[in-house]
J.: 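Provided herewith is a single structure, encoded as C-alpha cells, for subsequent inquiry.
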Amino acid sequence: MGFALTTEQFDAFLAGLARDYDIYAPKRLAGKGAFSGTDLIAYAPVQSLAEIVFDRKTFYSPKEILLPISQTLFYFTEEAYREPQQQQRPVIIFLRPCDVHAVKRLDQIYLHNGDQADPYYRERREKVKFFVMECTEGFDSCFCVSMGTNRTGEYAVFLRLEADRVLCDARPEFTPALAAYGREAPFTPAFIEQNKISVKTPEKIAPAVYGHPLWSEYDSRCIACGRCNVCCPTCTCFTMQDIFYEDNPRCGERRRVWAGCMIDGFTDLAGGHSFRNKYGERMRFKALHKVYDFKKRFGDHMCVGCGRCDDVCPEYISFSRIINRLAEVSDDE
Amino acid sequence: MDVNTKKIIKNAWRVTKERGVTCLRIRVPGGHLEVKYLDLLKEIAEKYGNGTVHLTTRQGFEIPGIQMNKIDEINQMLAPVIQGLEMELGVPVTDETAGYPAAGTRNVAACIGNRVCPFANFDTTKLAGKVEALIYPNDFHVKIAISGCPNDCIKGHLHDIGVMGMVEPVYNQQRCIGCQACVKNCRQVSTGALSFVNYKVRRDPLRCTGCGECVLKCPAAAWTRGKQSYRLVIMGRTGKKNPRLARPFLEWADETVVLQVIKNMYAYIDRHIDRSLPKEHVGYIVDRTGYPVFREEALAGVTLNPEARVAAWMDWSGYRYERTSNMV
Ligand code: SF4
Ligand code: SF4
Ligand code: SF4
Ligand code: SF4
Ligand code: SF4
C-alpha cells in the first residue's frame with residue numbers, strides 16, 4: 001500500500017518506530033574516514049531522515065548489524081560455561097536491493113547450511129525488518145543487474161526519497177503506522193535496470209583455470225589487506241578466539257570474529273602450514289567462491305554485485321573485471 | 001652605482017656575485033599557489049631576468065639576472081603576488097607596490113599535506129598561512145616548516161621550528177578482526193607502539209607518535225581518527241658551525257598552543273639576540289641562554305591543552321665541524 005509523507009511526517013514516523021526498534025541506516029560519520037578530513041559513510045543508528053545518506057554507498061555493509069564483527073559466544077570458568085544474555089531489540093535496517101539479497105546469502109550460510117541453524121545469527125535475524133531504499137541510478141562500481149539482485153520484494157517498507165517528501169510502499173504490518181503520519185498515495189517501487197558495469201559469470205570452470213596466468217597478476221598487485229572481505233556483505237567467514245582473562249586465566253570467553261580469505265593467517269594449520277600463500281591464489285579462491293562454487297551448491301551466486309570491494313581496494317583491483325576475465329578464460333578453455 | 005644593500009636585502013632582493021645584477025625572491029607560504037601567479041613570474045623573468053627561475057628549498061622562486069636599477073619597477077609589478085599570497089592570508093603589508101616588507105623570517109614551507117597525501121593528518125598549507133600571518137613581516141632570521149605527519153617530508157627537523165601533524169588513534173575493540181595489520185605496520189614504519197594481547201590490540205600511548213598509520217592500515221575501521229594535534233621540534237639547523245637535527249619540544253599540542261609558542265619565540269629572540277652581530281640565529285641564542293630559559297619564555301602565558309607534553313630537558317644532537325676527528 002502506498003503512502004506519501006513530508007520530511008517532518010517521516011521523522012515523526014521514525015520517532016514512533018524508535019520506541020520499538022533500533023533503526024540503522026547509512027550515515028555520514030564526520031571525520032571517521034581513514035584519511036584526515038574525510039567522513040565515513042557507514043551503518044549507524046539514526047533518528048531522522050536528514051541523517052540518512054541516500055546519495056552514497058556505504059563503505060561497510062549492513063552485515064555487521066546481523067553478524068557482529070566480534071561476538072562473545074560464551075563465558076567459561078573451570079567447570080561451567082554460560083552464553084551472554086541476548087538483549088537484542090527488534091531492528092530496522094535501511095538498505096538497498098542488493099544488500100537484501102546479500103542478507104539472503106548470509107541466511108543460506110547461517111540458517112540453511114546443514115541441519116543446524118546458527119542460534120546467535122537466528123536470534124538477530126528474526127528481529128530484522130528491511131526498509132529498502134529505492135536505487136534507480138546506482139553507483140559507478142555496481143553490477144547488481146548482472147547478478148540479478150537489482151530487484152527485491154522482500155521488504156517491510158520500500159521508500160523513494162523525493163525533494164520534500166518520501167513515498168512508501170508498505171506491507172500490512174507497517175500500514176497503520178504510515179497511515180497515522182502520512183496520507184495514502186499510489187506508489188510502485190522502481191528498480192535499476194542497467195548498471196555502468198556488467199559482468200558475465202562463468203558457466204563452467206575448466207581445470208586449466210586453476211593454474212591460469214590470470215591469477216598471478218594479483219600476486220604482486222594485491223597486498224592482502226582484506227578490505228574486500230571486510231566490506232563485502234556476503235563474506236561469512238569467521239574465526240574462533242578463546243580468551244583467558246589476564247587477571248584470572250582460569251576463566252575467559254570464546255569469541256567469534258570475522259575472518260577473510262585474503263588475509264594472512266586465514267588458512268593457517270597446526271604445525272605452521274598454510275594453503276594459498278600467494279595472493280593470486282587467494283584471489284582465485286575468492287573469485288571462484290563468489291561466482292561459481294556457491295551457486296553450484298546453493299543455486300545463487302554468492303556475490304550480489306554491490307561493488308564495495310572495488311570501491312575500497314587500495315590497490316584499485318576491480319573484482320568485476322576479475323569476474324569478466326574469469327568468464328573469458330573459462331569460455332576459452 | 002649607489003645601492004643600499006641592507007635595504008634591498010630586506011626587500012627580498014639579493015646581492016649576487018655579478019655586480020649590478022640582483023635576484024628576486026618570491027615567497028609561497030605553504031608551498032602551494034594558484035597558477036595564475038606564474039604568469040607574472042614568467043613575465044618578470046623574461047622581461048627583466050635571464051628567462052629562468054630557480055626553485056628554492058624553501059618552496060619559493062628566485063628570479064635571477066635582474067638589473068638592480070629595475071627593482072622599483074618590478075616591486076610595482078609584484079603587487080598582485082603580494083596581495084594574493086600574503087595580504088589575503090592576513091599578513092599586514094602597508095604598501096603592496098613597494099615589494100616584500102621583510103626577508104629575515106623565511107617563507108613558511110609545508111609538505112603537500114592532506115590536500116593530496118593520504119598520510120597527512122591535516123591541511124599543512126592552511127596552517128602555513130596562519131603562521132605566515134602571525135610572524136611575517138619580520139627581520140629575525142627564522143625558518144619554519146610544516147609537515148602533515150611525522151614522516152616530515154618538508155624536513156622540519158632542519159628548521160628552527162618544525163611542526164608535524166599528529167592524530168590520536170581511537171580503538172574500538174568491537175570492530176577489530178585481529179588481523180594485526182596495524183601491529184605489524186607500526187613496528188615496521190613507526191615506533192612499535194602496538195602489541196597484540198588476547199587477540200586484541202593494545203597501544204602504548206607513551207610510545208605512539210600519533211602518525212595515524214594504524215588508522216590507515218585498519219581494514220575494519222577499528223582504529224579511527226581522534227583529536228588532531230601537533231608535535232613541535234625545535235632548533236634544527238644546517239650551517240657552517242654545528243649542524244643538528246631538531247629535537248621534540250612539544251607533543252600532542254593543539255593549534256592554539258603551537259601558534260602561541262611560535263609568537264613567543266619571536267619575543268624571546270627580541271629579548272636575547274646579540275645585537276652586536278649582523279645577525280644571530282635563534283638556535284645559537286638558545287645555546288647561550290640554555291634550554292630552560294627558552295622553555296619558560298616560549299610557554300609564557302600559554303595554557304597547554306591537557307594532552308600536551310613538554311620536553312623536560314634537551315639533549316641536543318649534532319656535531320661541530322671543527323671536531324670531526326674521524327677525518328684523517
Ligand atoms: S582490498 Fe584489494 S589489495 Fe586488499 S586484499 Fe582485497 S584485492 Fe587485495
Ligand atoms: S564480492 Fe564485491 S561486489 Fe560481490 S558482494 Fe562482495 S563486495 Fe559486493
Ligand atoms: S610529511 Fe607526511 S603528510 Fe607530508 S608529504 Fe610526507 S608523508 Fe605526506
Ligand atoms: S599512531 Fe602511529 S605510532 Fe601510534 S599506534 Fe598508530 S601506527 Fe603506531
Ligand atoms: S588493523 Fe584493525 S582489525 Fe586488524 S588488528 Fe589492527 S585494529 Fe584490529
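Lettering of chains follows the sequences in order, A, B, ..., and the numbering in each one begins at 1.
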J.: With a 4.5 angstrom heavy-atom cut-off, is it the side chain or the backbone of Ile243(A) that approaches chain B, or both, or neither?
T.: both

J.: Checking ring-ring contact (aromatic ring centres under 6.0 Å, His included) between Tyr230(B) and each of Phe249(B), Phe122(B), Trp252(B), which is the one that passes?
T.: Phe122(B)

J.: Which label fits His289(A) and Phe294(A): parallel for a plane angle under 30°, tilted from 30 to 60°, or perpendicular past 60°?
T.: perpendicular

J.: Specify whether Trp215(A) and Tyr218(A) have parallel, tilted or perpendicular ring planes, treating 30° as the upper limit for parallel and 60° as the lower limit for perpendicular.
T.: tilted

J.: Where on Ile223(A) is there a heavy atom nearer than 4.5 Å to chain B: the side chain, the backbone, both, or neither?
T.: neither

J.: For Ala220(B), which atoms come within 4.5 Å of any heavy atom of chain A: side chain, backbone, both, or neither?
T.: both

J.: Are there more than 12 heavy atoms of other residues, nucleotides or ligands under 6.0 Å from atom CZ of Arg89(A)?
T.: yes

J.: Given that the side chain runs from C-beta out, which part of Tyr60(A) has a heavy atom under 4.5 Å from chain B: side chain, backbone, both or neither?
T.: side chain

J.: Using non-hydrogen atoms only, which part of Cys176(B) is less than 4.5 Å away from chain A: side chain, backbone, both, or neither?
T.: backbone

J.: Chain B heavy atoms under 4.5 Å from Asp242(A): which part of the residue, side chain, backbone, both or neither?
T.: backbone

J.: Around Lys127(A), counting heavy atoms of other residues, nucleotides and ligands shown, do more than 12 lie under 6.0 Å from its NZ?
T.: yes

J.: Count the heavy-atom pairs under 4.5 Å between each of Gln228(B), Gln180(B), Gln173(B), Lys217(B) and chain A, then report the option with the highest count.
T.: Lys217(B)

J.: Under a 4.5 Å heavy-atom cut-off, does chain A meet the side chain of Val167(B), its backbone, both or neither?
T.: neither

J.: Does the side chain of Arg27(B) come within less than 4.5 Å of Arg58(B)'s, by heavy atoms?
T.: no

J.: Side chain, backbone, both or neither: which part of Glu246(A) has a heavy atom under 4.5 Å from chain B?
T.: both

J.: Between Phe238(A) and chain B, with a heavy-atom cut-off of 4.5 Å, which part of the residue counts as in contact: side chain, backbone, both or neither?
T.: neither

J.: Does NZ belonging to Lys200(B) count more than 12 external heavy atoms closer than 6.0 Å?
T.: yes

